[in-house]
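Okay, so here's the structure we're looking at.
In what follows, every chain begins at residue 1, and chains take the letters A, B, ... in the order their sequences are listed.
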Amino acid sequence: MDFIVCVKQVPDPEAPPASFKVDPAANKVVPPPGVPPVISTFDEIAVEAALRLKDAHGGKITVLSLGNNLVRDVVKKPLAMGADELVLLEDPAYEDGDSWSTAYALSMAIKKIGAYDIIFCGRQAADWDAGQVGVGIAELLGIPTVTLAKKVETSDGKVRVERVVADGYEVVEIPTPCLITVTNELGEPRYAPLKGIMKAAKIQPTIWKPGDIGVDTAQVGAAGRRAKLVKLFQPVKEGKCEIIEGENVADAAVNLAKRLREAKVI
Amino acid sequence: MADYKGVLICGDVVEGKLAAITGELLGCGRKLADTLGEELSAVLVGSGVKGLAQEAIAQGADKVYVVDDPLLQNYQPDVYVAAVEKAVKQVMPKILLMGQTSVGRDLAPRLAFRLDTVLSMDCVDLDIDPDSKLLLQTRPVYGGNARAIFTTDRMPQMATVRSKAMSALEPDASRQGEVIEVPAEIDESVVRVRFVEKVKEEVAGVKLEDAPVVVSGGRGMGGPEGFQQLEELARLFKGAVGSTRPAVDNGWVPSTTQVGLTGKIVTPDLYIAVALSGSSQHMAGCSGAKTIVAINKDPEANIFREAGFGIVGDWKQALPAFKEKVKELLAG
Ligand SMILES: Cc1cc2nc3c(=O)[nH]c(=O)nc-3n(C[C@H](O)[C@H](O)[C@H](O)COP(=O)(O)OP(=O)(O)OC[C@H]3O[C@@H](n4cnc5c(N)ncnc54)[C@H](O)[C@@H]3O)c2cc1C
């Protein structure tokens, strides 16, 4: 089977919230100094989902990433984990897109890649949390899609997916070719072994500019946006925590309970 | 733009009843429609949902479009999107709202791409811009670290709304409205994603989303045993147990207990956060709590920037003493 996995490079979402800064004049996030970007969490899980099927049935995994100034060590991580090829849509024209312009460029690149059985995406990217690009790609390609997968199995050309819902999960069947977005319940992505890192270092990514995938620069990135960002801001926090003390932790805990009663919380 | 008019909300029906989010959508939609001086409509999609139309009217709708078909019994995206698309094309609303629920978060992006418009998911605030009359769509981004306001001139302007972010109206049974049936005109052949079965995983006891007190544990609980203690504490309050993502990923608790951006949204009176750091993604699910109490051994943990009360220390020493004292106070 052949797989395509879409991954996005994002500022590390696990960086301490206190280090998070917005430049209000530019309506942009200021990346915390010294914290390297990462592959968005759910996208790494999407790579894991593809690797599990490749382990079971064989096949090829092509990783696709859109952005600009992509850090090679970061976007090569899926290769180090076991993926086979890397295609980068890398150009200033792709920057600052919205869900629509991003899904459009990715769908055009997927048409160029050609044959595939399953496309995997993360449920949402850890920066804008928009949660639409996966479904958007499927709609633009006209293929069926399932979201929030926690388990994916295939047999006789049919794919069986368990998808997470609020009070449990649903089991659904979907034909190929299709697109599946994954959630963290699928399980932890594997570590990249040293051998994999060495192999990945030797793989040259293929780079496609807008012209290579047959799109007009007016349709991608910031120029192709349909949603206008009016304002980006940080909500104000009061941040006044009353720390309850005691002779020891157990004593502090007793005082906490008393204080909560006094404040009529309990 | 002249052809598009009014506000349409897509109701969520769960186990034959209007879900709470439907009332919240109607409450918010009513405000927006009144600001525009236009109509508020609702669309209800499912099997045997016609009887719920009157309830939607009582909660604020002027018109209710009903797409009732046995094929819509379970959520199958291909038929649902076709049914809602049909209703939307009949109504031609300026604004289309759905809930950020299991169905809404899957259905809304499909529909947005089909209608060739754009969508803001998980909005916590919606308003009409006084000058442009466009919908101002406010949503948390960067895991809740920031908020962004979007507008678009593509019609309909689409948004999904976070649960508990908006208030429902007091139902008024005397409100009058019109019920319009829209034939689904769909058949099995459009089904590509086939529903096989649903497996419920909810824990017994008080529902997490409705609990007045939530006791949540994080990675620092170290295993499922610690969660038993949280369970006992929650029981004292007739509350429920929540968790962070690492606790779920480690298999200590079922995923239905996860609170946060990609888990449940809870707004209890009291949220007790034990051995969790208070990441923005976790706080996205509980920052609406009236009071947050933190127990964490790291005085620098972010949770102390979010909590009203806290103690610095190991939960293993804190919890038994806290539990005993709470039991005593609640009994007395
Ligand atoms: C897009 C995206 C979506 C996400 N969605 C969610 C979500 O919905 N919900 C969610 O929870 N997370 C979510 N996450 C993950 C989130 O970023 C954090 O990784 C997670 O919330 C951290 O969980 P934690 O606080 O339990 O663990 P940690 O951050 O590791 O914190 C553990 C805390 O326990 C304390 N501790 C350890 N031992 C003890 C002890 N013995 N006594 C007292 N305190 C102790 C430590 O001091 C520390 O503060 C998401 C991440 C991304 C990127």
Side-chain angles (χ1 to χ4, degrees), chain A residues 13 16-18 20 22 29 98-100 123 126-132 135-136 139-140 144 146-147 164-175 183-185 188 226-235 237 239 241-244 249-250 252-254 256-261 265-266, chain B residues 101-102 105-106 109-110 113-114 118-122 136 140-143 145-152 154 192-202 245 249 255-256 261-262 270 279-281 291 293-294 302 304-305 307-314 317-318 321-322 325-326 329-330:
Chain A
F20 185 87
V22 165
V29 169
D98 64 0
S99 300
W100 192 88
R123 61 180 286 178
D127 49 2
W128 290 97
D129 291 314
Q132 299 179 44
V135 171
E139 285 293 331
L140 292 169
V146 173
T147 59
V164 174
V165 293
D167 55 354
Y169 64 92
E170 288 171 355
V171 181
V172 300
E173 275 176 6
I174 182 171
T183 182
N184 55 290
E185 286 87 346
E188 297 271 326
R226 292 174 166 195
K228 185 171 158 238
L229 176 62
V230 182
K231 192 174 165 194
L232 183 68
F233 63 102
Q234 280 176 274
K237 296 226 171 80
C241 185
E242 188 179 324
I243 301 287
I244 311 294
V249 176
V254 170
L256 172 65
K258 286 191 200 153
R259 180 72 185 93
L260 292 177
R261 170 45 68 97
V265 174
I266 61 175
Chain B
T101 57
S102 294
R105 59 154 53 101
D106 183 90
R110 294 173 192 267
F113 276 81
R114 278 227 191 151
V118 281
L119 158 74
S120 288
M121 299 252 274
D122 207 15
L136 294 168
V141 293
Y142 285 84
N145 277 315
R147 284 191 175 185
I149 306 178
F150 294 98
T151 57
T152 183
R154 311 279 304 195
R192 297 179 296 178
V193 180
R194 192 169 298 281
F195 176 88
V196 179
E197 63 169 326
K198 169 150 178 185
V199 181
K200 281 208 177 195
E201 274 186 329
E202 254 182 338
R245 199 174 101 182
D249 288 348
S255 66
T256 47
L261 185 65
T262 49
L270 175 59
S279 69
S280 55
Q281 293 89 356
T291 304
V293 170
N302 190 63
F304 290 116
R305 303 206 309 158
F309 302 92
I311 47 177
V312 178
D314 193 322
Q317 279 131 46
F322 184 67
K325 190 70 197 172
V326 165
L329 289 170
L330 291 179

Applying a strict 4.5 Å limit to non-hydrogen atoms, the region of Glu139(A) in contact with chain B is side chain
Count the heavy atoms of every other residue, nucleotide or ligand shown that sit under 6.0 Å from NZ of Lys231(A), and state whether that count exceeds 12.
no
Where Phe20(A) and Ala146(B) come nearest, the two heavy atoms and their spacing
CE2-CB, 3.7 Å
Under 4.5 Å from any heavy atom of chain B - which part of Glu188(A)
side chain
Most heavy-atom pairs under 4.5 angstrom with chain B, which of Asn184(A), Leu232(A), Val29(A), Ile244(A)?
Asn184(A)
Among Val135(A), Ile243(A), Asp167(A), Thr147(A), which residue has the highest count of heavy-atom pairs closer than 4.5 Å to chain B?
Asp167(A)
As an exercise: rank Pro235(A), Ala250(A), Pro144(A) by heavy-atom pairs under 4.5 Å with chain B and give me the winner.
Pro144(A)
Counting only heavy atoms closer than 4.5 Å, note whether Ala126(A) contacts chain B via side chain, backbone, both or neither.
backbone
So for Asn145(B), is it side chain, backbone, both, or neither that comes closer than 4.5 Å to the heavy atoms of chain A?
both
Could you check if a side-chain atom of Asp122(B) sits within less than 4.5 angstrom of a side-chain atom of Asp129(A), using non-hydrogen atoms only?
no
Tell me, out of Gln317(B), Arg194(B), Arg114(B), who's got the most heavy-atom pairs with chain A below 4.5 Å.
Arg194(B)
What part of Pro13(A) lies closer than 4.5 angstrom to a heavy atom of chain B: side chain, backbone, both or neither?
both
Quick one: pull up CZ in Arg123(A) and CG in Asp106(B) and give me the separation to the nearest 0.5 Å.
11.0 Å
Val118(B) versus chain A, heavy atoms under 4.5 Å apart: side chain, backbone, both or neither?
side chain
Nearest non-hydrogen partners of Phe195(B) and Val172(A), listed with the distance:
CA-CG1, 4.1 Å
When Ala294(B), Ser255(B), Ser120(B), Ser280(B) are compared by non-hydrogen pairs under 4.5 Å with chain A, the top option
Ser255(B)
Contact origin within Leu270(B) toward chain A - heavy atom pairs under 4.5 Å:
side chain
Step by step, work out the side chain to side chain contact (heavy atoms under 4.5 Å, CB included) result for Lys325(B) and Leu256(A).
CA-CA 9 Å; Lys325(B) 190 70 197 172; Leu256(A) 172 65; over 6 Å; no
Side chain / backbone / both / neither for Arg147(B) at chain A, heavy atoms under 4.5 Å:
both
If I measure from the heavy atoms of chain A, does Asp314(B) come under 4.5 Å with its side chain, its backbone, both, or neither?
backbone
If we define contacts as heavy-atom pairs under 4.5 Å, which of Met121(B), Arg192(B), Arg245(B) has the most with chain A?
Arg192(B)
For the candidates Val146(A), Val265(A), Val22(A), which exhibits the highest count of non-hydrogen atom pairs separated by less than 4.5 Å from chain B?
Val265(A)
Where do Cys241(A) and Phe309(B) come nearest, in terms of heavy atoms and distance?
SG-C, 3.7 Å
Largest heavy-atom contact set with chain B, pairs under 4.5 Å, which of Leu229(A), Thr183(A), Ile174(A):
Leu229(A)
Check Ala166(A) against Ser102(B) and note the closest heavy-atom contact, atom names and distance.
N-OG, 2.9 Å
I need the Arg259(A) CZ to Ile311(B) CD1 distance, nearest 0.5 Å.
14.0 Å
Considering non-hydrogen atoms only, spot the tightest contact between Phe150(B) and Val230(A) and give its length.
C-CG2, 4.2 Å
Value for OG1 (Thr291(B)) from CG (Leu260(A)), rounded to nearest 0.5 Å, stands at 8.0 Å
Quick one: what part of Val254(A) sits under 4.5 Å from any heavy atom of chain B, side chain, backbone, both or neither?
both
Comparing Lys200(B), Arg105(B), Glu197(B), Gln281(B) against chain A, the one with the most heavy-atom pairs below 4.5 Å turns out to be Glu197(B)
Chain B contacts, top residue of Pro16(A), Ser99(A), Ala18(A), Gly168(A) (heavy-atom pairs, under 4.5 Å):
Gly168(A)
Interchain contact, Arg261(A) with chain B, by part (heavy-atom threshold 4.5 Å):
side chain
Note: vs chain A, highest number of non-hydrogen pairs under 4.5 angstrom among Val199(B), Val141(B), Thr152(B) is Val199(B)
Please report the closest heavy-atom contact between Ala321(B) and Ala253(A), naming both atoms and the distance.
CB-CB, 4.1 Å
Close side-chain approach of Pro17(A) and Arg305(B), heavy atoms under 4.5 Å:
yes
Under 4.5 Å from a heavy atom of chain A, the part of Thr262(B) involved:
both
I'd like to know which of Ala318(B), Ser279(B), Pro140(B) tops the heavy-atom pair count under 4.5 Å against chain A.
Ala318(B)
